[in-house]
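Note that the numbering runs from 1 along the sequence shown for the chain. One-based numbering, in listed order, for ligands and for the atoms of each.
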Amino acid sequence: MPKVLVSDPIDQVGIDILSQVAQVDVKTDLSPDDLIRIIPDYDALMIRSGTRVTQAVIEAGNQLKIIGRAGVGVDNVDVLAATRKGIVVVNSPEGNTIAAAEHTLAMMMAMSRYIPAANQSVKADKWDRKHFTGVEVYKKTLGIVGLGKIGAHVATVARAMGMKLLAYDPFISHERAEQLGCRIVEMDVLLQQADYITLHIPKTAETTHLINAAAIARMKPTARIINCARGGIIDEAALAQALQEGKIAGAALDVYEQEPLGESPLRSLGKEMVMTPHLGASTEEAQVNVAIDVAEQIRDVLLGLPARSAVNIPGLRPDLLEQLRPYLQLAETLGNLVAQLAGGRVEALTVRLQGELATNQSQPIVVAALKGLLSHALQERVNYVNASLEAKERGIRVIETRDASIKDYTGSLHLSAKGSLGEHSVTGALLGDSEIRITSVDEFPVNVPPNRYMLFTLHRDMPGIIGKIGSLLGSFNVNIASMQVGRKIVRGDAVMVLSIDDPLPDDILAEILKVPGIRDAYTVTL
Ligand SMILES: NC(=O)C1=CN([C@@H]2O[C@H](COP(=O)(O)OP(=O)(O)OC[C@H]3O[C@@H](n4cnc5c(N)ncnc54)[C@H](O)[C@@H]3O)[C@@H](O)[C@H]2O)C=CC1
Ligand SMILES: O=C(O)C(=O)COP(=O)(O)O
C-alpha cells in the first residue's frame, strides 16, 4: 500500500479519501530535519502553507510521486526541483477563493471601524466611544492589485457596497475588468487614487516588495492597505515606518514575510493596524473543499490516473488526456523510435500533427513525444512532469506544426529528429481505436506494428538483398517475426523494417552493413 504523509492540519474528509488507497500518517509540527529524515518512506506529501518543501526535502523523497497543496499558493514548494525529479505538484485553485475574499472584506471593514481595538477595549472593561470613530467604504475607491479569482470576488462584493473600483493586472482583459465594474489602470495611478488597496497576486520575484517605501510615498495619507495574498509583497519595515509616521492611515495583514511572525515593529502599532495569523483560507467550508480537491488528486495519481490541477503539467486536463491516451502512446513510441534512429544528442525535434489529429491541443502530444525521445537515455526517470524541462535543459529545440490536409490516415503523427546520426523521421497512426502502426520511416511508406526489437535498413531496391539479410540473420539464429519493405520508386532507395524476437548483437549489425547494397542499418529497442 502506498504511504501518504500529511504534514499540516487537513480536514478529516481528505484523510478519509486518502485512506481508501493508502496508509496515511498525520505528522504536523515536524522540524525541517525530521521531514527530510522521514520523507524517503512516502509516496505522497499533503501540505498547507506551514510546511516548507525545499530542494533538500524533494531530493530526499526518493519515492515521492506527488505533492498536494491543500490551498492555492505553492510558493512554499520548490516546484522547479519537484518538476526536475518528475514529481507532480497539485493544488486546489478554487477551493478557498470565497474564504480568502471574505476575509479580505472583513479585514477592510474591521480596519475601517477599528473593530479589533474596540473589542479589546470593551473586554478590558472600558467604554470608549470617541477613540473609535471610523470611516465608511461607501463611495470610496478600492484599488485591486491582481484581478484573478479572489480579486474578482472582492470586486463583486465591494461594488455592491458602493465602492468605485480600479484594478491593476497586466494579464486581464479590459472586457473582463469591465464585467466586474473595474477600470484597469497602471499601478502608479492605482497607488495615487485609491482609498483602499488590496493585494491578490502571487508572490514572485517581480511582486516581492511591490509595495515598498517608494510605492507607499505615492499613496494618499488617508489610504489603507490590505494584504491577504502573500507575505513579502509588502516591505514590512517600510510599512511599519509609514504607519508610525502617519504617512498612510492603516493596514490589515493576514500574511507576513516570515511565518509564524517573529519579533516585528508591526506588533507594536496601534488601532490602525489589524493583524490575523494567515487565516484567509481558514473557514470550515474552504477546508473541506481544499481537502477533498487535493486528496482526490493524490488518490488518482497514486492509482496511475492524471491529476486535474497539476501546477507543473500545464494544460493536461484529465478528460482531454483520456481522449488523447492512444495518441499519447503513439507519440511516446514514435519519440522513442526516432531518438534511436537519430542517435544520441538530439538537437531538434519537429512534431507534426496531421489530418484530424491537427485539430487537437498539441501540448500533451508534444510532451509524450519528448518523454519517448528521452526515455532511452533517462529510462523511468522521465515522465509527463519533467519531459519538457529535461528537453529544454538538454538544449533540444522543439518545433510544433500541424497539417490538417494530410489525410492518408484519419489522424497521424510525424516526428523528425536531428541527432548524431543525422536527421531521421517517422510517422505513425492508429488502427482502430488504439493499435499503433508505424506508417513511414525516413519518408518511405511502411505499415508495421512496433515491436520490442526491430531492425531498420536503408538499402538499394535490388533483387536478392532481402534474401541475403534473411539468411544472414538465420545463420546467427536470429528469428524474424515480420518483415516489410517500403520504397518510393522501383530500384531506387528502400527501407526494410524487421521485427525480431531477440536483441541484435553489434557484430551481426556490422555483418549486415557489409552486405552489398545496404547503405545503413539501425537496431531499435522499444
Ligand atoms: N491568505 C490566505 O489564506 C490565502 C491567500 N491566497 C493567495 O491569494 C493570491 C491570489 O489568489 P487567486 O486569486 O486564487 O489567484 P489567481 O491566479 O486567480 O489570480 C492572481 C492574479 O494576479 C495577476 N497577477 C500576476 N502577477 C501580477 C503582477 N505582477 N501584477 C499584477 N497582477 C498580477 C494574475 O494575472 C491573476 O489575475 C495568491 O497569492 C494566493 O496564494 C489564496 C488563498 C488563501
Ligand atoms: O491557499 C493559500 O494560498 C493560502 O494561503 C492558504 O494557506 P493555508 O492553507 O491556510 O495555510
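- Residue-ligand proximity, Ala70 to ligand 2, at heavy-atom distances under 4.0 Å covers atoms 9 (O).
- Distances below 4.0 Å separate heavy atoms of Asp254 from the following atoms of ligand 1: 1 (N), 2 (C), 3 (O).
- In terms of polar-atom proximity, Ile201 is counted as a contact of ligand 1, with an N or O under 3.5 Å from an N or O of the ligand.
- Nearest-residue assignment for atom 5 (O) of ligand 2 (options Gln287, His278, His103; heavy-atom criterion): His278.
- Of the candidates Ala286, Ser49, Ala281, it is Ala281 that places a heavy atom closest to atom 3 (O) of ligand 1.
- For atom 14 (O) of ligand 1, the nearest non-hydrogen atom from the set Leu279, Val255, Asn76, Ile150 belongs to Ile150.
- Those atoms of ligand 2 that come under 4.0 Å of a heavy atom in Ala281, given as number and element, are 6 (C), 10 (O).
- Those atoms of ligand 1 with a heavy atom of Phe171 less than 4.0 angstrom away are 24 (N), 25 (C), 26 (N), 27 (C), 35 (O).
- Looking only at protein heavy atoms, the nearest one to atom 10 (O) of ligand 2 is Arg48 NH2, 2.8 Å.
- The single protein non-hydrogen atom nearest to atom 10 (C) of ligand 1 is His200 O, 3.6 Å, given as residue, atom name and distance.
- Within the structure, the closest approach of Gly71 to ligand 1 does not fall below 4.0 Å when heavy atoms are considered.
- With distances taken over non-hydrogen atoms, the option nearest atom 15 (O) of ligand 1 out of Lys149, Lys203, Met107, Arg48 is Lys149.
- Of all the atoms in ligand 1, the ones that sit under 4.0 Å from a non-hydrogen atom of Ala100 are 43 (C), 44 (C).
- In this structure, atom 5 (C) of ligand 1 lies nearest to the protein heavy atom Cys228 O, 3.2 Å.
- Around atom 43 (C) of ligand 1, the closest heavy atom drawn from Thr97, Asn96, Thr204 belongs to Asn96.
- In summary, the atoms of ligand 1 found under 4.0 Å from a heavy atom of Gly73, numbered by their order in the structure, are 41 (O).
- Distance from atom 1 (O) of ligand 2 to its nearest protein heavy atom, with residue and atom name: Val72 N, 2.6 Å.
- Contacts between Asn96 and ligand 2 below 4.0 angstrom, taking non-hydrogen atoms only, involve the side chain exclusively.
- Contacts between Glu94 and ligand 1 below 4.0 angstrom, taking non-hydrogen atoms only, are absent altogether.
- Scanning all heavy atoms of the two residues, the minimum distance from Leu142 to Ala158 falls at CD2-CB, 3.6 Å.
- The nearest heavy-atom contact from the protein to atom 4 (C) of ligand 2 is Arg69 NH2, 3.3 Å.
- Near Gly71, the atoms of ligand 2 lying under 4.0 angstrom from a non-hydrogen atom of the residue are 1 (O).
- Of all atoms in ligand 2, numbered sequentially from 1 with element shown, those under 4.0 Å from a heavy atom of Gly73 are 1 (O), 2 (C), 3 (O).
- Here the protein heavy atom with the shortest distance to atom 11 (O) of ligand 2 is Ser49 OG, 2.4 Å.
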